[in-house]
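Structure first, then comments.
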Protein chains: 2
Amino acid sequence: MNEQSFFTATDDAPTDGDTETRRSADSSERAYNTIRKLLVEFKLKPEERINEVQLAKTFGVSRTPIREALNRLASEGFVSLTPNRGFFVRSLSTEGLIDLYELRSIIECAAFRLMCERAEDDQIERLRLYWSAIVDGYREQPADTILAEDEGFHLLIAELSGNPELINQLAAINARIRFIRRIQIEHRSHDLSQVASHSAIVDAAIARDAEGGMRLLRQHIELTVSATQQALKDALLKVYSPPVADTKRARRRAV
Amino acid sequence: MNEQSFFTATDDAPTDGDTETRRSADSSERAYNTIRKLLVEFKLKPEERINEVQLAKTFGVSRTPIREALNRLASEGFVSLTPNRGFFVRSLSTEGLIDLYELRSIIECAAFRLMCERAEDDQIERLRLYWSAIVDGYREQPADTILAEDEGFHLLIAELSGNPELINQLAAINARIRFIRRIQIEHRSHDLSQVASHSAIVDAAIARDAEGGMRLLRQHIELTVSATQQALKDALLKVYSPPVADTKRARRRAV
DNA sequence: TGTCAAGAAAGTGTCGACACTATTGCGTTC
DNA sequence: GAACGCAATAGTGTCGACACTTTCTTGACA
C-alpha cells in the first residue's frame, strides 16, 4: 500500500492554531468508510496483512478507531481476523465472486416474487417511473451514475418486497461487488441488454408475472457474471502486474 | 440485567495463584460470544441502552474488547449504534421475526435447489445418514440438542449447495433467531410434523425433486413461524413482566 | 407547585502505553 | 553451505486515562 494521503487534506491537519483539538467523534466511522474503499478498490491487496499501526499513522488517528472499523469489516466479510496475527484482506476469487452473484440472484428473485404478490399498484408504478426516468440518458452517464441507478433499481424491488431484511442483504452484497461492477460497467460490454432487461423486468412487474420476472432477473444477473469474471481478472491483473517482476514464477523457481 | 456472573466461574477467575496474569488474548472473542448470548436470551432487553462500563466491570476486562464485540454485533444487526449515546439493543419485533424467517426460507429453498442440481450422490447420502442417525431419539433430546441437530440439518443442506455464502447467511440468520427457536422447541408444540418433514425433505433430496423439496421446506418453515410468534410473545412477556419488583432497588442493594 | 438553568455525574470516543506474540535476521554448529 | 536456535524487531491485544457529550440532580425563580 502506498502511504500517501487518504483524507483530502481538508479535515485532519489542525492548521488553524486555536481550534486544534478538533474532536470529531467519528474517527471510527470515517476509518470504516475509508478502509472499505481501500479494500473495494484493491488498494489493499487480497491476502495482504493489514498493518494497523501504519493505517493509523496514515489516517492520523490512534489504532482504536482503526480496529473498530476492522472489526465491523470482518463481520461483513471484507477482512478476516487471525488471533495474534491480525486482520487480512479477504480475497475475492473468481469463484467467490460467482457465489456472491448467485446469492444476489437468489435474493433478488425472491424479492421480485414477493413484490409481485404484495405491492400495491401505485408502488409498482413507482418502479416504472424510477426506471423510465433514467432509461433515456442511461448509456451516456458516467459509470458511477449508472452503477448507482442500477443498484437503486434493484434495491427498489427489494423495498417493494416489503421485507426490510432483503434490503439489508442486497445492500450488503452490493457493497462487496460494487468495485467489480463499476469496472465491468466501464467496459460497456453489455449495456444494451442491461437496459432491455430492466425494461422487461418492469413490464413483468406490471403484469405481476413473478415467474417471468424471476427468469429475466436470473438471466440478467447470470449474463453479467461472465462479463464480470473477465473484469475481475483484468482488475486483479492491474493490481498484481505493476511490479512486473513476476512473483509467481520467481517463487516457483525458488521451490 | 442482573449483574451476577456471566462466565461460568470456570475460566476467568485465576484460581491458581501463580499464573495470575492470565493473558488470554481473546477477551474480545469471549465478550462477543457472551454478549451475543445475553442479547439472544433477552438478558439485555430490547431497546435498552448498553452500558459499556458496567459490562466491562462484570466481565472483568476493559472497555476495549467490549467495544470491539459490540461493533461486530452492530454489523450483524443485534445492536445499533447512536453516536455519542452508545449501543442499543435492537428489538426483534414479531414483524421483524417474520421477515427473518422469510429470509431464512428463501435461503434454504435456494440451497435445496442447488443441492439437488449439484451434489454428488454420496453427498446426498451424507444428508440421509445425518438425519437417520438422529431421527430415532430426536424427541427425547433436550431442547438444546434438538436445536443444534435441526440447525445442523439445514446447514448441511446449505453446505451441499456448494455455495459457501449460503452457509454464512444461514448461520447468521440462525444466530439471530436461535433463542426464539429454543423456546419454541421447549413448547414441543409441533415435534411430530418437524420430524416428518425432515424425513420428507431427505426423500425429496434423494429423488432430486427440487420443487417438491422446496415446497416442503417452505411449509416446514412457515409452520414454525406461527408457533414461534406465540413463543416470542411469551418470551417478551417474561422479559417485561417480572421486573415488577423494580430492578433499580434490587441492583443497588446487590452492590 | 411547576419550570428552567447550572452544575454534577455518568457515559462515550479516542489516545498512548505496555505486555505479549509472531516474524525476521543473524550467528553458531554440523 | 545448510539447518538450527536465539536475539532483535515488528505488530497485536488490552489497559487505564482523559476530553468531550449526554443525562441526571438540585435549587432558584415565577
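Order of the sequence lines fixes the chain letters, A, B, ..., with proteins taken first and strands second; residue numbering starts at 1 for each chain.
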Can you tell me the distance, in whole Å, between the NZ atom of A:K57 and the P atom of C:dT14? 20 Å

Under a 4.5 Å cut-off applied to non-hydrogen side-chain atoms, are B:E48 and B:K43 in contact? no

Please tell me which of the listed nucleotides, C:dT14, D:dC15, D:dT12, lies nearest to the side chain of B:V61? D:dC15

Please compare B:R49 and A:V53 by the position of their nearest nucleotide in DNA chain D and report the one closer to 5'. A:V53

Applying side-chain hydrogen bond (donor to acceptor under 3.5 Å, both in side chains), can you list everything that pairs with [X], at least two apart in sequence or on another chain?
{"X": "B:R63", "result": "B:E52"}
{"X": "B:Q229", "result": "none"}
{"X": "A:R90", "result": "none"}

Side-chain N or O of [X] closer than 4.0 Å to phosphate OP1/OP2 of [N]:
{"X": "A:S62", "N": "C:dT14", "value": "no"}
{"X": "B:N51", "N": "C:dG11", "value": "yes"}
{"X": "A:S28", "N": "C:dT14", "value": "yes"}

By side-chain contact (heavy atoms from CB on, under 4.5 Å) - contacts of B:I167 (at least two apart): B:L155, B:A158, B:E159

Residues forming a side-chain contact (heavy atoms from CB on, under 4.5 Å) with B:A69, sequence neighbours excluded: B:A31, B:Y32, B:I35

Heavy atom of residues 63-82 of chain A under 4.0 Å from DNA chain C: which residues? A:R63, A:T64, A:P65

